[in-house]
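Have a look at the structure below before the remarks.
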Amino acid sequence: MFYSHRIAGKIRHHECNAAGNMKLHNLLDRLQNAAAEHAAILNVGMDEMAEMQLIWVLSRLQLHLFEPLPLGEILEVTTFPAGIQRIFAHRCYDLRIDDKRIGFAGSFWLPVNAAANRPVNVKKVLPPEIRELPEVEKFFPDMDKLAPASGEICRSYKVGAGDIDLNRHLNNAVYARWISDSLGEKLNTFEFAVQELQINFLSAGQFGEEIFLRADAGKNGSFSVSGEKADGSAVFQAQGKLFA
């Protein structure tokens, strides 16, 4: 595939839940690692961006799994750029076990001036050869805004040192762990698995900030989770569906 990058690794014990399937935040870690490695190969990685005083910020991510990802299997993640969608760089992920597609994901990224905390025109950052890629399969090219969860605050978290990533912000995978924790609180169980998920990242969590979580869960397995700061400003919004 044109300009694709593949990583593969066994699903380890520490990455799995009580049912023996990969935890949501560990899967997001894999997707981020694949994206970071590939961006470096395409000369738009952290080092190249830093020279321009820029960072990549994950704005939206959507995921669909056909079945949970079991302990001990070799998960293959193939990632590739999928051109530009509106103001975003669109990146996709194909997930396979034993060459069988077990899921797929799409993500929207923004180049941001780190000092000014302002987005930069993505066309000024992406190489011309990957701005338009009509021949690639595009997963979730139409990710839109989400509504916040309407439920009561069910949990809160103070952003700790272990949550901060290389960009000095709350790491994106941490949100997935918070989503799982909030659903467990709402459903009063840890025995569930996420099949579909969209997360919109709205504001970077900073060290020491307290984030408040709201969660809704429907009878058909649908759910929504959102996070906000003490002043009510939105940090993230997520919607999805659980495996039946």
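Just so it is clear, the values below take in all heavy atoms, side chains as well, and ignore hydrogens, waters and symmetry mates.
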Val159 vs Gln206, test: side chain to side chain contact (heavy atoms under 4.5 Å, CB included). Steps then yes/no. CA-CA 7 Å; Val159 179; Gln206 303 293 339; over 6 Å; no

What verdict does the side chain to side chain contact (heavy atoms under 4.5 Å, CB included) test give for Gln239 and Gln237, after you've listed the backbone C-alpha separation in whole Å, the side-chain angles of each residue and the deciding distance to 0.1 Å? CA-CA 7 Å; Gln239 290 182 5; Gln237 293 163 351; over 6 Å; no

Run Lys23 and Asp29 through salt bridge (Lys or Arg N to Asp or Glu O under 4.0 Å) and show every step you take. CA-CA 10 Å; Lys23 297 174 185 175; Asp29 275 332; over 6 Å; no

Determine, stepwise, if the pair Ile74 / Ile97 fulfils side chain to side chain contact (heavy atoms under 4.5 Å, CB included). CA-CA 6 Å; Ile74 305 297; Ile97 291 177; over 6 Å; no

Would Ile84 and Lys123 count as a side chain to side chain contact (heavy atoms under 4.5 Å, CB included) if you check the C-alpha gap in whole Å, the side-chain angles of each, and the deciding distance to 0.1 Å? CA-CA 8 Å; Ile84 294 173; Lys123 293 181 180 179; 3.6 Å; yes

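Counting non-hydrogen atoms of neighbouring residues, nucleotides and ligands closer than 6.0 angstrom, the CZ atom of Arg168 reaches no more than 12 such neighbours. Within 6.0 Å of atom CG in Asn188, 12 or fewer heavy atoms from other residues, nucleotides or ligands are found, so the atom counts as exposed in its surroundings. By the 6.0 Å contact criterion, CG on Asn220 is enclosed, its count of non-hydrogen atoms from other residues, nucleotides or ligands being greater than 12. Around NZ of Lys229, the count of heavy atoms belonging to other residues, nucleotides or ligands within 6.0 Å exceeds 12. Shown here is Ile41, whose CD1 atom has more than 12 heavy atoms of other residues, nucleotides or ligands within 6.0 Å. More than 12 heavy atoms of other residues, nucleotides or ligands lie within 6.0 Å of CZ in Arg86, so this atom counts as buried by the packing criterion. Remark: Gln53 CD is loosely packed, at most 12 non-hydrogen atoms of other residues, nucleotides or ligands lying under 6.0 Å away.
Rounding to the nearest 0.5 Å places CZ of Phe88 at 4.5 Å from CZ of Arg60. The structure places CG of Asn43 at 9.5 Å from CD1 of Ile130, a figure rounded to the nearest 0.5 Å. If you take CG on Leu69 and CD1 on Ile11, they are separated by 5.0 Å, rounding to the nearest 0.5 Å. In this structure, CD on Glu37 lies 5.5 Å from CD1 on Ile7, to the nearest 0.5 angstrom. Put simply, CD on Glu196 and CG on Leu65 are 9.0 Å apart, with the number rounded to the nearest 0.5 Å. Interatomic distance, CG of Leu58 versus CZ of Phe201, reported as 4.5 Å (0.5 Å rounding).
Follow the hydrophobic side-chain contacts under 4.5 Å out from Phe207 and you reach Val174 in the same cluster. Both Phe243 and Val225 are assigned to one and the same hydrophobic cluster, defined by single-linkage of ILVMFWY side chains at heavy-atom distances under 4.5 Å. One hydrophobic cluster, built from ILVMFWY side chains closer than 4.5 Å, cannot hold both Leu146 and Leu63; they sit in different ones. Hydrophobic clustering (ILVMFWY, side-chain heavy atoms < 4.5 Å, transitive): Leu110 and Met46 are in distinct clusters. Under the 4.5 Å side-chain contact rule for hydrophobic residues, Val125 and Val57 share a cluster.
Val120 places none of its side-chain heavy atoms less than 4.5 Å from the side chain of Val112. Side-chain contact between Val44 and Trp56 is present, with heavy atoms from C-beta onward closer than 4.5 Å. The shortest distance between side-chain heavy atoms of Leu31 and Leu61 falls below 4.5 Å. When side chains are defined from C-beta on, Phe223 counts as touching Leu242, because their heavy atoms get closer than 4.5 Å. Residues Leu170 and Trp178 have side chains in contact (heavy-atom distance under 4.5 Å, counting atoms from C-beta outward). Considering only heavy atoms from C-beta on, Met49 stays 4.5 Å or farther from Ile55 through its side chain. Proximity of His13 to Cys16: side-chain heavy atoms (C-beta onward) are nowhere separated by under 4.5 Å. In this structure, Ser4 and Asp94 have side chains that are not in contact, with every pair of non-hydrogen atoms separated by 4.5 Å or more.
Of all heavy-atom pairs spanning Asn21 and Pro70, the tightest one is OD1-CA, 3.6 Å. Between Leu126 and Ala89 the shortest heavy-atom distance is CD1-CB, 3.9 Å. Of all the heavy atoms in Leu133 and Gly83, the pair that sits closest is CD1-N, 4.0 Å. Scanning both residues, Ser226 and Ala149, for their nearest heavy atoms gives OG-N, 3.1 Å. The heavy-atom pair separating Phe212 from Ser156 by the smallest distance is CD2-CB, 3.7 Å. Contact detail for Pro141 and Phe108: the closest heavy-atom pair is O-CZ, 3.4 Å.
Within the 3.5 Å criterion, the main-chain N or O of Pro148 finds no donor-acceptor partner in the side chain of Arg214. Of the possible donor and acceptor atoms, none in the side chain of Asn121 sits under 3.5 Å from a partner among the backbone N and O of Pro111. Put simply, the side chain of Asp216 gets close to the backbone of Gly151: a donor and an acceptor are under 3.5 Å apart. Using a distance-only test at 3.5 Å, with no hydrogens or angles considered, a donor-acceptor pair links the side chain of Asp165 to the main chain of Asn167.
When ring centroids are compared, Phe140 and Phe104 come within the 6.0 Å threshold. Taking the six-membered ring wherever Trp is involved, the centroid distance between the rings of Phe80 and His5 does not fall below 6.0 Å.
Look at Asp163 and Arg177 and you find a salt bridge, because one of the NZ, NE, NH1 or NH2 atoms lies within 4.0 Å of a carboxylate O, short of that distance. Salt bridge absent: Lys100 and Glu73 never bring a charged side-chain N and a carboxylate O closer than 4.0 Å.
Each of His38, Arg91, Arg30 was scored for a side-chain hydrogen bond (donor to acceptor under 3.5 Å, both in side chains) with Thr79, with one residue passing: Arg91.
Residues Tyr157 and Asp181 have side chains that bring a donor and an acceptor to within less than 3.5 angstrom of each other.
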